[in-house]
Structures are given as C-alpha cells and as structure tokens.
2 protein chains.
Amino acid sequence: MPGRPSAHGRRPTERKGDVRERAILDTCEALLAHKGYDAMTVGDVAQGAGITRGALYFYFGSKQEVVTALVARTVEHLWERSRVTAQTEEPRPAITAAMQRTVELWSAHGLVMRTAIDLSLTVPEIGELWNHTADLFIVAITAVLERAGVQGGTAPDQASAMARALCWMIERTFYHASQESREKLQEASATCEYIWRTSARLIP
Amino acid sequence: MPGRPSAHGRRPTERKGDVRERAILDTCEALLAHKGYDAMTVGDVAQGAGITRGALYFYFGSKQEVVTALVARTVEHLWERSRVTAQTEEPRPAITAAMQRTVELWSAHGLVMRTAIDLSLTVPEIGELWNHTADLFIVAITAVLERAGVQGGTAPDQASAMARALCWMIERTFYHASQESREKLQEASATCEYIWRTSARLIP
DNA sequence: ATAAAAATCTACACTGTGTAGACTTTTGCC
DNA sequence: GGCAAAAGTCTACACAGTGTAGATTTTTAT
C-alpha cells in the first residue's frame, strides 16, 4: 500500500520513508494501546510520528491501511515463529511446547492480536490475515491430535473439527486473559492445555 | 436512556413513542444485518423507522445507545430462556440439551450476539451486558461439570476454569458458524458437545 | 377545550476523513 | 558541484457523519 516499494531486500541505502513508515506503525501500536482503535485519529498517529496528516496519507491511504500494515507486520512475525517450531515431537510434549509458545506470542503481541481479531469483520484484509494465521494453528493442532491417535477427518469427533474448536477456545481464552495480566495468561494456558490433552485422550 | 420511562409494566395505553422505539430497534437490527455497524449511520436508522435524525435523538442519545438497547433487548430474552431451562438433570443429557438450546439461540439471535461481542470493548455498557450473559453460561457449565464428577475449584484442571475455557470455545465456534449457515451451526454444536463431554470424562 | 407532555422538524456547530496542488528536500547522475 | 527527477511534506479544502438547540406540531389527559 505505500506509495513506493517497501524496502525489504536489504537495500543499500535506507530511504527516509522507511524510517517514517516504521515510526507511523510504532506510533499506531502505542496509541492503540491506550486509546483504542476508534478513539485514535489519523491526526494523532501523524503527530506521534512527527509529521502532518497530509504527509501520512503519502504512506497509507487510510486509517484502516495503517492498522492493516501493523497487523501484517506482527502476523508475519508469528508465521516465522510457527515455521521454526517444528512438529517432530510426541503429542504430550508437543502440546506443552505449543501452549508455551502461545503464551509468549500473546505476551509479546497481545495488543495487536486483539486488534486484528476485533477488526476482522470490518476490515476484510485483516480478516484474511487473521484467518490465515488461525489456519496455521488449526493445521498444527490437527497434526498433534492425529499423532495422539485421534482419527483424521472432518466429522464432529474427528481431528479437523476438534482442532478448529480448540483453536477458537485458545484464541478467545487468551484474548481475554491477555487483557488482564501475565499470570492470567499462564493460568489460561494451563487450562487450555488440560482440555486439549483430554480431548486427545492423553489423560488416562 | 430514552427521554421517558420505558413502558414495561403493562401501561394502560401504549405511547406512540413505544411503537417508534421498537421500530428504531427493528430497523437497527435489519441494517446491522446487511451494512454492519460502521457503515450504518444514524440517518439510515431514522429513515428506516420513518422519522428524521433529529427525532431519533429524542429516543436515544447516540448511535451506541441504540445498539446497546438492541443488545439489551436480545440479551434479556436469553436470560429468560436460561432461567427457564432448569438444571435438575444428569450430566450427559444436560450437555445435549444445553447445546441444543445454544443452537436455537444463535439461530435466532446470531446477528445481535455477534454485534454484542464485537462491540464489547468499545462500548462498555455492551461489555457489561455480554459479560453477565457469559457468566450465566459459565455457571451453568460449571454445575454440569461438577455433577459429572469434576472437582470444583479454580485450578486449571478444576470445574470453574474449565467451564470458562469451554464457554469461550462455544462462543467463538458459534460466532463463526453462525455467519455461515444453520448446518455449520449444527456441526459446530456436535463438535463442542463432544469436547465438553470428553472434558467431563463422559466418553469412556 | 385546553394546557402540559410528548414527539418531531429544521438548522447549525463541530470533528474527523480523505484529496488537491503547491512547495521543499533528497537522490542519482553527468 | 550542479541539476533534474523522485520522494517527501505541507496547507487548504470539500465532504460526511455526529450530536445539539430551539421552534413547532401532535398527543394525551383532564
């Protein structure tokens, strides 16, 4: 969306605009934290980034585009992490590891993740981004369930459907917990892990 | 919030305003369905209800108040239902009954429930309303879990915490399913029921 | 029939968004 | 070093939506 190709591939010189773009996104994140999406105005973001509204519109076409870019930045980060964390483990420790990673993700990026969820319907692009992210999780959960002996398939008591429900459980539970504190997040994690394990029949 | 005491206690005559207020809420619900909250303007609602913007502000102080009233109206309905559906049953059929009731609720009121969830953060009053509703569900789920032999308490593997996570699972799963179709809702229900049962150790 | 209450309207002030066009700075090249 | 193009920035404006004020009409109750 920016008016110029975003410098990703290690450009020789870093354009002034790249710095500004980052400043805009950072400011947006900060404002989101203590004003919320609705209360935050484009003017606020511009001011925080040290430019005027007019200048901001050179980088992003709208308020929604700014937030979409912020979500994209964060979510790319999640994708990398999930690519790294491999899947060659036994079910039980795999579940524990996955939940631990989830706690870390929500600790670090809870605000943006909550924003992404909130805007998923109203901003289609963000909806896409978040759906894709959720799908990654669902696939991962499905794999663990199958390795634990749950039958693969889409019937209500088979891996795929269960994974989807478990994913939403984790999303929503962490969504709420991350608004409170790190401790709540840890408790939420323990509960979700327990239910995930019983669903995989690993609590005999 | 209306400019006059809302006629609840079977007034002898029904004020013209009561009809209008209902018309406003009905219009709001209809518009929410095919425009969404953001795109829907106060002018649209007024027009749909057959009055001007100015007149609408006689009934409600803001767009948010209109939607809050709509949520309140719907949610009161849920509360009645949940009060009626008693709790004197064995765990297994109780779970089935609860899920069936949940399907009905989401079939009938999915749109408003989704709206309530979406606006929970930005509109504190709606947040209150929805929290209260969720608490009713959590208490009910807790009761069922305990009757199924799950230890009461707030530790991660005890009834209270589990009930909360299961509630969020159901909320989020139905939230998504209700955007698609009745069939999806039914499938979602079956999956949630299965996970709820395994969590209660009722799948030997 | 009439006065108070309820309901409605028009007009306005304000805030926030997004756009237009002029102006300034930076960059790459001869 | 000088200079054109690209990149970045600004001010000013047009527009849409919200909420308010006050005048005016309709309903209701006596």
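Throughout, a chain's letter reflects where its sequence line sits, starting with A, and its residues are numbered from 1.
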All N/O contacts under 3.5 Å from nucleotides 15-22 of chain C to the protein, with atom names and distances to one decimal?
| unit_1 | atom_1 | unit_2 | atom_2 | d |
| --- | --- | --- | --- | --- |
| C:dT17 | OP1 | A:Val42 | N | 3.2 |
| C:dT17 | OP2 | A:Val42 | N | 3.4 |
| C:dG18 | OP2 | A:Tyr57 | OH | 3.0 |
| C:dG18 | OP2 | A:Lys63 | N | 3.4 |
| C:dG18 | N7 | A:Arg53 | NH1 | 3.3 |
| C:dG18 | N7 | A:Arg53 | NH2 | 2.9 |
| C:dG18 | O6 | A:Arg53 | NH2 | 2.5 |

Quickly work out the B:Asp18 CG to D:dT27 P distance and round it to whole Å. 15 Å

Do A:Leu121 and B:Tyr37 touch side chain to side chain, with heavy atoms closer than 4.5 Å? no

Any side-chain heavy-atom pair of A:Phe174 and A:Met99 under 4.5 Å: yes

Nearest-angstrom distance from the residue atom CZ of A:Phe58 to C1' of D:dA7: 5 Å

Are more than 12 heavy atoms from other residues, nucleotides or ligands located less than 6.0 Å from atom CD of A:Glu128? no

With sequence neighbours excluded, give me every salt bridge (Lys or Arg N to Asp or Glu O under 4.0 Å) pair touching residues 171-192 of chain B. A:Glu171-B:Arg172, A:Arg172-B:Glu171

By the definition side chain to side chain donor-acceptor pair (under 3.5 Å), identify the one residue from B:Thr96, B:Thr198, B:Thr102 that meets it with B:Glu193. B:Thr96

Does any part of the side chain of A:Leu56, heavy atoms only, come nearer than 4.5 Å to the side chain of A:Ile51, both counted from C-beta? yes

With sequence neighbours excluded, what pairs up with A:Asp26 under the side-chain hydrogen bond (donor to acceptor under 3.5 Å, both in side chains) test? A:Arg73

Taken to the nearest whole Å, CD/A:Gln47 to P/D:dT11 is 13 Å

B:His132 NE2: over 12 foreign heavy atoms closer than 6.0 Å: yes

Counting only non-hydrogen atoms, which of residues 26-38 of chain B are less than 4.0 Å from DNA chain C? none

Bracket notation of DNA chain D in which parentheses pair within the strand, [ ] cross earlier pairs, and | pairs with another strand (Watson-Crick or G-U, under 3.5 Å): ||||||||||||||||||||||||||||||

Rounded to the nearest Å, what distance is computed from the OH atom of residue B:Tyr59 to the C1' atom of nucleotide C:dC9? 13 Å

Would you check if there is a donor-acceptor pair between the side chains of B:Ser189 and B:Gln100 at a distance under 3.5 Å? no

Crowded around B:Gln47 CD? As in, over 12 foreign heavy atoms under 6.0 Å? no

In whole angstrom, what separates B:Ile51's CD1 from D:dT26's P? 16 Å

Selection residues 107-119 of chain B - residue pairs positive for salt bridge (Lys or Arg N to Asp or Glu O under 4.0 Å), sequence neighbours left out: none

Would you say a side-chain N or O of A:Thr52 is under 4.0 Å from OP1 or OP2 of D:dC10? yes

Atom CZ of B:Phe60 and atom C1' of C:dA7 are separated, to the nearest Å, by 14 Å

